[in-house]
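The structure under discussion appears below in the form of structure tokens.
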Amino acid sequence: MKKSYLAFAGMVMVECLDVGLTTLSKAAMSRGMSHFVFVVYSNALATLILIPSSFIIHRNKRPPLTFSILCKFFLLSLAGITVMQNCVFTGVSYSSPTLASAMSNLVPAFTFFLAVIFRMEKLDLRNSRSQIKIIGTLVSISGALVVTLYKGAPLLSTPVQSTPDSSPSNTSSSTSMNNWIIGGLFLATASSCLAIWNTAQAAILKGYPSEMTIVSFYSLFGTIQCTILSLFFERNPSAWTLKPDIELVSIFYSAICGGVVTFSVQTWCIKEKGPVFVAMFKPLGIAIAAMLGAIFLGEELHVGSLIGAVVIVVGFYGVIWAQSKEEKGLDLKTKEDGESQEDDEVDRLHSSSQKKPLLGSEVHV
């Protein structure tokens with residue numbers, strides 16, 4: 001019970017930290033900071049903190065590192081850092097943290113698809129729970145399309161009256177909509193990578209139950225991969241020079257809160273409660289992102305974002321509800337099987353006691 005409360009509090013904290021990270025990174029990139037440089041510096045700083053900590057804390061408990069395990073860590077970092085983080089921050093630079101939080105609710109849907117493909121999830125089309133999972137997944141994807149393709153009018157703002165000389169404004173609006181769609185596509189790609197990361201990490205933890213070591217090497221390999229990628233895409237040497245303002249603050253925040261704290265808490269929660277539990281907290285980020293975006297970035301919440309987010313959450317909780325019912329059904333079946341085995345054992349003992357005389361029942365003269 002105590003672990004359940006800790007996992008709940010930890011995931012709420014993780015969602016707050018994640019939204020804070022996307023909001024702060026958006027502010028830094030709005031001032032010209034390259035997201036490639038941002039990802040490299042933040043992961044490098046996180047690695048400098050994690051590697052020594054891992055070897056000090058788990059120097060006696062850590063399972064032996066093999067070439068196979070290191071290859072798994074390398075692939076895990078490729079999906080969870082190199083592709084996912086670069087897609088997230090590229091998407092945020094084109095759109096907003098609110099859209100990023102809304103699109104992150106696609107993670108459970110993508111996870112469900114992966115589980116079915118790799119036969120980790122049983123799919124029975126005649127079963128009502130499986131049907132709800134499929135419908136919920138399709139509803140979530142539909143909501144993501146609404147958020148991406150329909151921006152709509154801003155909420156809580158006075159509409160601007162059109163004038164004959166409003167063609168530049170129309171051009172700007174068209175460009176903004178195109179950027180919004182591009183950002184949505186990048187964020188959808190990031191959600192698919194996060195689903196792969198959650199599923200793969202759960203599988204790796206079964207064979208290598210050392211969360212701190214996984215996070216450390218995951219961050220190390222991610223730093224190396226992102227450095228190579230950034231040197232290829234970011235050719236401007238001045239982009240690697242950090243300014244002692246919000247750029248430096250965002251990197252320290254990303255390294256400590258996003259790299260060390262978030263990765264460690266998520267990995268522990270996946271080990272204790274599973275990847276589905278971690279995904280359950282994604283809808284919480286929408287409200288946090290909308291609030292922080294309005295306060296710190298002056299962004300407006302649009303009708304399309306609100307409608308799409310509601311549709312995504314409805315589909316998401318449909319999948320989660322069906323999943324929880326299946327888990328309860330499995331637990332009940334296991335309990336019933338255990339009770340039936342105990343009853344059979346009692347019956348066997350009772351029948352054997354009737355066949356054999358009790359100790360001391362015979363009197364010898």
Side-chain angles (χ1 to χ4, degrees), residues 10 14 36-89 107 110-121 189-234 254-256 258-279:
V14 163
F36 291 110
V37 175
F38 176 81
V39 172
V40 171
Y41 279 144
S42 60
N43 282 291
L45 183 56
T47 302
L48 291 176
I49 298 171
L50 286 166
I51 291 288
S53 303
S54 171
F55 279 91
I56 292 171
I57 296 172
H58 296 291
R59 61 181 181 275
N60 297 324
K61 302 177 184 177
R62 186 178 64 252
L65 288 167
T66 62
F67 180 74
S68 175
I69 290 294
L70 290 175
C71 287
K72 290 178 182 178
F73 293 166
F74 184 87
L75 294 175
L76 195 66
S77 63
L78 183 64
I81 289 182
T82 307
V83 180
M84 190 270 285
Q85 288 191 6
N86 279 292
C87 283
V88 165
F89 293 120
V107 174
F110 288 138
T111 305
F112 176 68
F113 272 133
L114 288 173
V116 171
I117 291 170
F118 292 103
R119 297 182 180 179
M120 298 169 65
E121 183 80 24
T189 305
S191 294
S192 64
C193 290
L194 187 55
I196 295 170
W197 181 79
N198 282 336
T199 308
Q201 189 166 219
I204 291 173
L205 278 166
K206 291 181 179 179
Y208 196 88
S210 178
E211 308 97 288
M212 199 73 175
T213 305
I214 292 175
V215 172
S216 300
F217 280 95
Y218 163 76
S219 183
L220 173 63
F221 287 137
T223 302
I224 296 170
Q225 293 167 4
C226 289
T227 301
I228 296 171
L229 184 69
S230 299
L231 290 174
F232 182 78
F233 282 102
E234 190 55 71
S254 177
I256 297 171
V260 178
V261 178
T262 298
F263 288 161
S264 301
V265 173
Q266 277 186 326
T267 304
W268 180 81
C269 288
I270 288 172
K271 181 182 177 183
E272 295 295 330
K273 306 293 288 183
V276 175
F277 177 85
V278 173

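Side chains are part of it too, since the values below use all heavy atoms of this structure and drop only hydrogens, waters and symmetry mates. It should be emphasised that the depicted structure is a prediction, and the values quoted were computed from it without experimental measurement.
- Of the inter-residue distances, the one linking L78 atom CG with Y218 atom OH reads 10.5 Å to the nearest 0.5 angstrom.
- When all heavy atoms of S230 and V37 are compared, the pair lying nearest together is OG-N, 4.5 Å.
- Side-chain N or O atoms of S264 include none that pairs as donor or acceptor with a backbone N or O of V261 at under 3.5 Å.
- The CH2 atom of W197 sits 11.5 Å away from the OG atom of S77 when rounded to the nearest 0.5 Å.
- Counting heavy atoms from C-beta outward, I224 and F74 have side chains that stay 4.5 Å or more apart.
- No donor-acceptor pair under 3.5 Å is formed between the side chain of Y208 and the backbone N or O of T213.
- For the residue pair A255 and A46, the shortest heavy atom distance occurs at O-CB, 3.6 Å.
- Ring-plane geometry between F233 and F36 is classed as parallel, the angle between the planes falling under 30 degrees on a 0 to 90 degree scale with a further cut at 60.
- Rounded to the nearest 0.5 Å, atoms CD1 (I51) and OG (S219) are 7.5 Å apart.
- Taking CG from L48 and CG from N43, the interatomic distance works out to 11.0 Å, rounded to the nearest 0.5 Å.
- Rounding to the nearest 0.5 Å gives a distance of 9.0 Å between OG1 of T223 and CD of Q225.
- The two atoms that bring A190 and M84 nearest to each other are O-CG, 3.4 Å, heavy atoms only.
- In this structure, L229 CG and N86 CG are separated by 5.5 Å, a value rounded to the nearest 0.5 Å.
- Remark: side-chain polar atoms of T199 are not paired, donor with acceptor, to backbone N or O of I196 under 3.5 angstrom.
- Closest approach of G222 to T82, counting heavy atoms only: O-OG1, 4.1 Å.
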